[in-house]
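Shown next, in structure tokens, is the structure this report addresses.
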Amino acid sequence: MELIAYQQKLAAWLDEYRDFVPAQTRIRVVQQILAAIKQHELPDQLISLEFSETELVDNLGKYPQLLTFESELLDLRQLLVEKFGIWHLFSRRWVQDLKHFINAEQTKSLELMAGNAVLTKFVPNMRATDNLDWKGQDNEHPHPWTTVENSDALVAVQKYYRVVDNIVLAWAPDQDKIDWHILQFLRQQKWAGKFIVIGEKNGATNSKAFWQNSHLTLVAELNRNHPQVDFINDQVFLVK
């Protein structure tokens, strides 16, 4: 997917849907997201890019291509993966919630499978680790936003669990049980810190073994600024 072509579509859509406020809002949010990411910054906030059933029913007569427009707008996730190596997008508001929840200035944190370390750049006292085995899977060239230690996720946990208070794991792959192995290890060590996992329960992320065996708490503070951006219902869990 070409970034310039997508941006040109956004500009064309702004004109095409100039009288349809819900479309205008979504287009401008996507433009703000891309502008921020290109500068290695985060958008202020995120919203759902899908239209509500009411918005669709009430406007399909006037805009018969509305479903096609929505589908193409939702290509944003694939664009972020292919062009920026970002599988999960954070907002500044959500990062502020996380920093408050973990008391980031006073604790130490570890980000697993950090990819380009977008989160770690903005969280004090956080270390990013990733084995970069995602190279060649939609995105060829890692461009870390901050330092990333090349390490397997379980190895990183075994190395740092004694010295960190928080572990964050976002969008673990659904075909690998390493998330379950990590949880088992933390249980064996009776680790008392916060294990924060971002993913779609029994869906696009994480292994079946992990979802079947984990004890999950949906943290209100970490979900209030974490909307379902597209068709993937990823949420933020505290895991035991």
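Ring centers of Tyr17 and Trp13: at least 6.0 Å apart, outside the cut-off. Proximity of the aromatic rings of Phe185 and Tyr161 is defined here by a centroid distance below 6.0 angstrom, and this criterion is met.
With rounding to the nearest 0.5 angstrom, the CD atom of Gln158 is 9.5 Å from the CG atom of Leu186. The distance from the CG atom of Leu80 to the CG atom of Asp75 is 11.0 Å, given to the nearest 0.5 Å. Atom OG1 of Thr68 is separated from atom CG of Leu73 by 12.5 Å, given to the nearest 0.5 angstrom. Between His143 atom NE2 and Phe84 atom CZ the span is 10.0 Å, to the nearest 0.5 Å. For the atom pair OG1 of Thr120 and CG of Asn125, the computed distance is 11.0 Å after rounding to the nearest 0.5 Å. Residue Leu79 holds its CG atom at 5.5 Å from CG of Leu3, rounded to the nearest 0.5 Å.
In the displayed structure, His40 atom NE2 is contacted under 6.0 Å by more than 12 heavy atoms of other residues, nucleotides or ligands. Heavy-atom neighbours of Lys177 NZ from other residues, nucleotides or ligands within 6.0 Å: at or below the threshold of 12.
Phe101 and Ile167 fall into different hydrophobic clusters, where Ile, Leu, Val, Met, Phe, Trp and Tyr residues are linked whenever their side-chain heavy atoms come under 4.5 Å apart, directly or through other members. Taking hydrophobic clusters as Ile, Leu, Val, Met, Phe, Trp and Tyr residues chained together by side-chain heavy-atom distances below 4.5 Å, Tyr160 does not share a cluster with Leu132. In the hydrophobic clustering of this structure, Leu60 groups with Leu74; members are Ile, Leu, Val, Met, Phe, Trp, Tyr whose side-chain heavy atoms approach within less than 4.5 Å, directly or through other members. Using a 4.5 Å cut-off between side-chain heavy atoms of Ile, Leu, Val, Met, Phe, Trp and Tyr, with links allowed through other members, Val157 and Val148 fall into different hydrophobic clusters. Residue Met113 is grouped with residue Trp211 when hydrophobic side chains (ILVMFWY) are merged at heavy-atom distances under 4.5 angstrom, including chains of intermediate members.
Taking every heavy atom of both residues into account, Gly199 and Asn206 meet most closely at CA-OD1, 4.1 Å. Between Leu216 and Ser214 the shortest heavy-atom distance is CD2-OG, 3.3 Å. Closest of all the heavy-atom pairs between Thr129 and Ala156 is OG1-CB, 3.6 Å. Between Val219 and Asn223, the closest heavy-atom pair is O-ND2, 2.8 Å. The heavy-atom pair separating Leu112 from Ala153 by the smallest distance is CD2-O, 3.7 Å. Residues Ser52 and Arg26 share a closest heavy-atom pair of N-NH2, 4.4 Å.
Between the side chains of Asp174 and Thr205, no donor-acceptor pair is found at a separation under 3.5 Å. When only modelled atom types and interatomic distance are considered, Glu82 and Gln78 share a side-chain donor-acceptor pair under 3.5 Å. Counted by atom type alone, Ser91 and Gln45 present zero donor-acceptor pairs between their side chains at under 3.5 Å.
Side-chain contact between Leu10 and Val30: present, with at least one pair of heavy atoms (C-beta onward) separated by less than 4.5 Å. For the pair Pro22 and Glu55, the minimum side-chain heavy-atom distance is below 4.5 Å. For the pair Gln24/Leu14, a side-chain contact is recorded, criterion being any heavy-atom separation below 4.5 Å from C-beta on. Phe90 has its side chain within reach of Ile198: a pair of non-hydrogen atoms, C-beta onward, lies under 4.5 Å apart. No side-chain heavy atom of Leu67 sits under 4.5 Å from any side-chain heavy atom of Phe51. Looking at Arg28 and Gln31, their side chains come closer than 4.5 Å, going by heavy atoms from C-beta outward. In this structure, Lys208 and Asn202 have side chains that are not in contact, with every pair of non-hydrogen atoms separated by 4.5 Å or more. Under the 4.5 Å side-chain criterion, counting only non-hydrogen atoms from C-beta, Leu89 is not in contact with Trp94.
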Determine, stepwise, if the pair Glu53 / Leu56 fulfils side chain to side chain contact (heavy atoms under 4.5 Å, CB included). CA-CA 5 Å; Glu53 184 176 347; Leu56 290 173; 5.8 Å; no

Test salt bridge (Lys or Arg N to Asp or Glu O under 4.0 Å) on Glu149 and Arg127; report intermediate values, then the result. CA-CA 8 Å; Glu149 180 179 330; Arg127 180 189 300 271; 3.5 Å; yes

Can Glu2 and Lys83 be said to form a side chain to side chain contact (heavy atoms under 4.5 Å, CB included), step by step? CA-CA 8 Å; Glu2 292 300 324; Lys83 298 303 177 185; 4.0 Å; yes

Go through the steps for Asn150 and Asp130 under the test side chain to side chain contact (heavy atoms under 4.5 Å, CB included), then give the verdict. CA-CA 5 Å; Asn150 192 328; Asp130 194 296; over 6 Å; no

Is there a side chain to side chain contact (heavy atoms under 4.5 Å, CB included) between Ser109 and Ile102 once you walk through the steps? CA-CA 9 Å; Ser109 303; Ile102 64 176; 3.5 Å; yes

Report, one line per pair, each donor and acceptor closer than 3.5 Å where one atom sits in a side chain of residues 231-240; sequence neighbours left out.
{"residue": "Asp234", "atom": "OD2", "partner": "Trp171", "partner atom": "NE1", "Å": "3.1"}
{"residue": "Lys240", "atom": "NZ", "partner": "Gly193", "partner atom": "O", "Å": "3.4"}

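The residues Lys194 and Asp165 are annotated as not salt-bridged, no charged nitrogen and carboxylate oxygen being separated by less than 4.0 angstrom. A salt bridge links Asp230 to Arg77: one of the charged nitrogens lies within less than 4.0 Å of a carboxylate oxygen.
In this structure, Asp152 contributes its side chain and Asn131 its backbone to no donor-acceptor pair below 3.5 Å. Side chain of Arg18 to backbone of Asp15: a donor-acceptor contact under 3.5 angstrom is found.
A side-chain contact (heavy atoms from CB on, under 4.5 Å) with Asn166 is found for one member of Thr107, Leu110, Val123, Leu98 and no other, namely Thr107.
Residues forming a side chain to side chain donor-acceptor pair (under 3.5 Å) with Asp97 (at least two apart in sequence, or on another chain): Arg224, Asn225.
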